[in-house]
2 protein chains.
Amino acid sequence: MAPQRPNLTAAYDPEHFRRLGHQLVDQLADHLARTTRREGPVLPWAPPATHVERFPADFPEEPTGDASALLARVIENSHHLHHPHYVGHQVSVPLPLAALCDLTSSLLNNGMAVYEMGPVSTAMEHNVLRWMAGVLGLPEGSGGVLTSGGSAGNLTALLAARQARAGFDAWNGGPTAGPPLTVLVPESTHYCVARSVRMMGWGAEGVTPIPVDAHYRLRPEALEETLAAAKRAGRRPIAVVASAGSTATGAFDPLEAVADFCAKHGLWFHVDGAHGASAALSPRYRHQVKGIERADSVVWDAHKMMMMPALITAVLFREGHRSFEAFAQEASYLFTGQDTRRWSDVALRTLECTKEMMALKLYTCLHTLGTKLFADAVTDTFDLSRRFAQRLQASSDFELAVPPDCNIVCFRHTPKGLPDSELDALQVRLRESLITRGDFYLVQTTLRGRVWLRTTVINPLTTDEDLDALLEALRRAV
Amino acid sequence: MAPQRPNLTAAYDPEHFRRLGHQLVDQLADHLARTTRREGPVLPWAPPATHVERFPADFPEEPTGDASALLARVIENSHHLHHPHYVGHQVSVPLPLAALCDLTSSLLNNGMAVYEMGPVSTAMEHNVLRWMAGVLGLPEGSGGVLTSGGSAGNLTALLAARQARAGFDAWNGGPTAGPPLTVLVPESTHYCVARSVRMMGWGAEGVTPIPVDAHYRLRPEALEETLAAAKRAGRRPIAVVASAGSTATGAFDPLEAVADFCAKHGLWFHVDGAHGASAALSPRYRHQVKGIERADSVVWDAHKMMMMPALITAVLFREGHRSFEAFAQEASYLFTGQDTRRWSDVALRTLECTKEMMALKLYTCLHTLGTKLFADAVTDTFDLSRRFAQRLQASSDFELAVPPDCNIVCFRHTPKGLPDSELDALQVRLRESLITRGDFYLVQTTLRGRVWLRTTVINPLTTDEDLDALLEALRRAV
């Protein structure tokens, strides 16, 4: 019988945890107070090499005392998303309550591959997904899983689509078991769809692009010809992927028209609603996703418009049993029973085996803060973005790329007297100037060969005044 | 200009966060104290339907006050991994400090797809991976990424292997661009490898099984014939996957022999070290992974033997640039520069786009608690498992499946007088009895058609006395 090592027992000491925990909560609360008051930079910019030197891997052998000094430096040097001048990527400004749920999840570490390893979080996942399916208007019998991000989610849905519509056993059959497959995808789709298709071995032609209109929305009248072209190229089309909120401009594809088309041709209808499925929460904007209730599968990230920290992605299937077809597998050490269709052993239906207690944060926030908060966040950020777009249109020195469908606004600064040929370089320079000074965080994108500034108004604390200040800052930075 | 809604501003109130945060830290510290003192059940067992009713999705519209009562119920009803009688799956008993890092990560929510969205965590990831590569003995020029779990990690490595060794452009070429591929995989490999292969469209024959010996280790003398058989079947073998710690029994394959074989035949050498790569940390046990330094790719989960909460998986490549080949993709809204090989925009090389600040917890724990803690945890749990196996072998009423290579021990209770035909059912019943009473948590597996009890001695607080008590409890439960 061997005695336990003091360093190991100390590392699990509840009183150490209590002391550091209280200290950290104060550090984070103070940080949150400063940041929401607009103090300090949004992004305290430094090049990668600087941070690589600041946080070296020179780990000691023995304990060095407490972590709070290091964590203070981490907090100071990280990107401060709670700052109302953060209007960049589609990464949520997390609810502090959700972060506390993640503390609970990480300490409990209930792994969820099988029910026994995460009984509460498995039940919560089940119920949260039912609630989400209800919000979207999916019928009785729908179901799904939570997974680690929209890319994993879209891959999961496409694997189910492949199994359901390939017309052969693509899971076991191998590359020569049937004709080469393809999915019809608008040009505006997130890169992860083309990536998923290539991961599945379908190659570049595994994606057949559907033309988009001037608003970057899928053109439904082009669907028939796109389908015919794919068939002429020797491909078997199995699905259409529509965007509810495309990434670059936030365009919502006409889901009802796509649903009709898929029904007519027996194609799987997948909606990448990673960003925009949340529109269904808002009485004012839910018309944007009309038709989503007819989808065979939907991906919806709660870590985008639902104020959850990364990662929590719902993959919802119109027919819940499709969820079992994405990954048709067994492992005797895990799944002890005979019934491999048990919903409660979620690893049967997810890319992950071990997984975090993902549902806990969303369940707890819905339970405690109420559903209206989530509806309001969508309505208010969409409203704010529309007002911002109107001001851009009304100003003589800014150009709006396209009227926003949601809370993503692309625009460029066009100061008088500057030739068109210099505008692309100007946007790049302006963005760099603002973000390296820490005044604002926004991003950029290329649309039809030209560079645009891109903002996602995703921080519920951002106001009209903040966006006015952004335009002023851009003017001054020229 | 619209005023902000009170519910939204309240939800981000730093003082609300501070108050609930302090309360939760105390709740979790008290829970940790009780659990590490062996108070209360390991798993407070209840069937799925009970928890589905206990945590219904009856979310109110308006806020309902504070979350601590709900979180108390979550803590009480979850699986209590810090209990020293938790000897079940390969899911770590997380260091409380790591959970506090996850709180920091979740509040800051630095998404990491591109450097700007997670500057500190990107630098930490880079440095932690260099440190891990050093522990394994990988050469200068190695590199990799952190990803959401071992399944995603093995898929990432196999995608890189496909791109490097298929002999054609499997990424863009599609199913008919080259011959059907296969990987040689010991029968004992984790299910996610066969699953990855099927996701990539290679079908059932995408895996060519390598026979294992009486210790469930890959038989190197069978490799030549396995390779020849795959070729005869019309497959192009591109890789061998070896296990450093197989899942069912924790067997370590002979890595040096596999490395020699791969070198001879130009095959990619992948090591699934999700569980056992951590052996490299222990001076006493690092010989188990001799040869891992010759691998083309290695998967190593820090959320198994490194006491990290899920998920944090390292995918390491001998040649760091291979990391860019798994996902060859661009997205203009994300990757603004010209150089698509920038290491610091990690989404170029991961399945995830947005990702958590994964490295923070491991970096902070190594920095604060020292490296020796991690070596000790491996050494001590491996030692303890060997002593447990010896006691099983010495007892007349227990049978050891195989002497353990690491901290996974499979055995069965064989009370006198019970016919062999009833032993399988007995193990199932004994396990069920112990776990539903909450006395212990252990699992079961099927080896060569027979049911065995399976323990992973992964809790550094588990002692010889706890394992003696487990055997006594099994005897009493007959």
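Every chain is numbered from 1, with letters handed out A, B, ... down the list of sequences. Keep in mind the model is a prediction, meaning the values are calculated, not measured.
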Under 3.5 Å: donor-acceptor pair, side chain of A:N127, backbone of B:V52: yes
Identify whether the distance between the nearest side-chain nitrogen and carboxylate oxygen of A:E116 and B:R431 falls below 4.0 Å. yes
Centroid-centroid under 6.0 Å between B:Y363 and A:F59 rings: yes
Chain B heavy atoms under 4.5 Å from A:I75: which part of the residue, side chain, backbone, both or neither? both
May I ask you to decide if the ring planes of B:Y441 and B:H89 are parallel, tilted or perpendicular, using 30° and 60° as cut-offs? tilted
Looking only at A:M117, A:K372, A:E62, most heavy-atom pairs under 4.5 Å shared with chain B are made by A:M117
For B:V93, is it the side chain, the backbone, both, or neither that has a heavy atom closer than 4.5 Å to a heavy atom of chain A? both
Find the one option among B:A177, B:P119, B:A33, B:A152 whose heavy-atom pairs under 4.5 Å with chain A are most numerous. B:P119
Looking just at side-chain N and O atoms, do A:H367 and B:D58 make a donor-acceptor pair shorter than 3.5 Å? no
Using non-hydrogen atoms and a 4.5 Å limit, figure out which bit of B:Q4 sits close to chain A: side chain, backbone, both or neither. side chain
Counting heavy-atom pairs under 4.5 Å with chain A, which one of B:A57, B:P175, B:A123 comes out on top? B:P175
Please classify the contact between B:T354 and chain A as side chain, backbone, both or neither, with a heavy-atom cut-off of under 4.5 Å. both
Salt bridge between B:R18 and B:D13, side-chain N to carboxylate O under 4.0 Å? no
Among B:G111, B:G21, B:G201, which residue has the highest count of heavy-atom pairs closer than 4.5 Å to chain A? B:G201
Does any heavy atom of chain A fall under 4.5 Å from the side chain of B:L28, the backbone, both, or neither of them? both
Heaviest contributor of heavy-atom pairs below 4.5 Å to chain B, chosen from A:M199, A:H51, A:M200, is A:M199
Pick one of side chain, backbone, both or neither for A:L366, based on which atoms fall under 4.5 Å of a heavy atom in chain B. both
Chain A contacts, top residue of B:M124, B:R54, B:H126 (heavy-atom pairs, under 4.5 Å): B:M124
Angle class for the A:W45/B:Y115 ring planes (parallel below 30°, perpendicular above 60°, tilted otherwise)? perpendicular
What part of B:L71 gets closer than 4.5 Å to chain A, counting heavy atoms only: side chain, backbone, both or neither? side chain
Chain B interface, residue from A:M357, A:E15, A:H79 that has the most non-hydrogen pairs under 4.5 Å: A:H79
Quick one: does any side-chain atom of A:E356 pair with a main-chain N or O of A:S106 as donor and acceptor, under 3.5 Å? no
Atom group of A:L155 that falls short of 4.5 Å from chain B, counting heavy atoms: side chain
Using a 4.5 angstrom heavy-atom cutoff, name the option from A:T64, A:L159, A:L100, A:D102 with the most pairs to chain B. A:L100
Bottom line for B:H16: the part with an atom under 4.5 Å from chain A's heavy atoms is neither
Please flag which part of A:D30 lies under 4.5 Å from any non-hydrogen atom of chain B: side chain, backbone, both or neither. both
Is the shortest side-chain heavy-atom distance between A:W131 and A:T371 below 4.5 Å? yes
Examine whether an atom of B:L311 lies under 4.5 Å from a heavy atom of chain A, and if so say whether it belongs to the side chain, the backbone or both; otherwise answer neither. both
When the aromatic ring centroids of A:H31 and A:H82 are compared, is their separation below 6.0 Å? no
Report which part of A:K355 has an atom under 4.5 Å of a heavy atom belonging to chain B: side chain, backbone, both, or neither. backbone
Name the option with the most non-hydrogen atom pairs under 4.5 Å to chain B; the candidates are A:T36, A:V91, A:V428, A:T176. A:V91
For the interface with chain A, which of B:L95, B:N110, B:L24 has the highest count of heavy-atom pairs at distances below 4.5 Å? B:N110
Does any non-hydrogen side-chain atom of A:W171 lie less than 4.5 Å from one of B:R195? yes
Best-contacting candidate, B:K361, B:R162, B:H303, against chain A by heavy atom pairs under 4.5 angstrom: B:R162
Would you mind checking which part of B:S78 comes under 4.5 Å of any heavy atom in chain A, side chain (CB onward), backbone (N, CA, C, O), both or neither? both
Ignoring hydrogens and geometry, is there a side-chain-to-backbone donor-acceptor pair from B:R454 to B:A248 under 3.5 Å? yes
Just by distance, no angles: are the side chains of B:S148 and B:E352 close enough, under 3.5 Å, to form a donor-acceptor pair? yes
Structural part of B:M112 lying under 4.5 Å from a heavy atom of chain A: neither
Any donor-acceptor pair under 3.5 Å linking the side chain of A:T50 with the backbone of A:A46? no
Side chain, backbone, both or neither of B:D169 within contact of chain A (heavy atoms, under 4.5 Å): neither
Is any side-chain heavy atom of A:C101 less than 4.5 Å from a side-chain heavy atom of A:L360? yes
Given heavy-atom pairs under 4.5 angstrom as the criterion, report whether the side chain, backbone, both or neither of B:L181 touches chain A. neither
Chain B shares the most heavy-atom pairs under 4.5 Å, among A:S105, A:A98, A:A67, with A:A67
Do B:S92 and A:N109 meet the criterion of a side-chain donor-acceptor pair at a distance under 3.5 Å? yes
Using side-chain heavy atoms (C-beta onward) and a distance below 4.5 Å, is B:P460 in contact with A:Y12? yes
Could you tell me which portion of B:L70 (side chain, backbone, both or neither) has an atom closer than 4.5 angstrom to a non-hydrogen atom of chain A? side chain
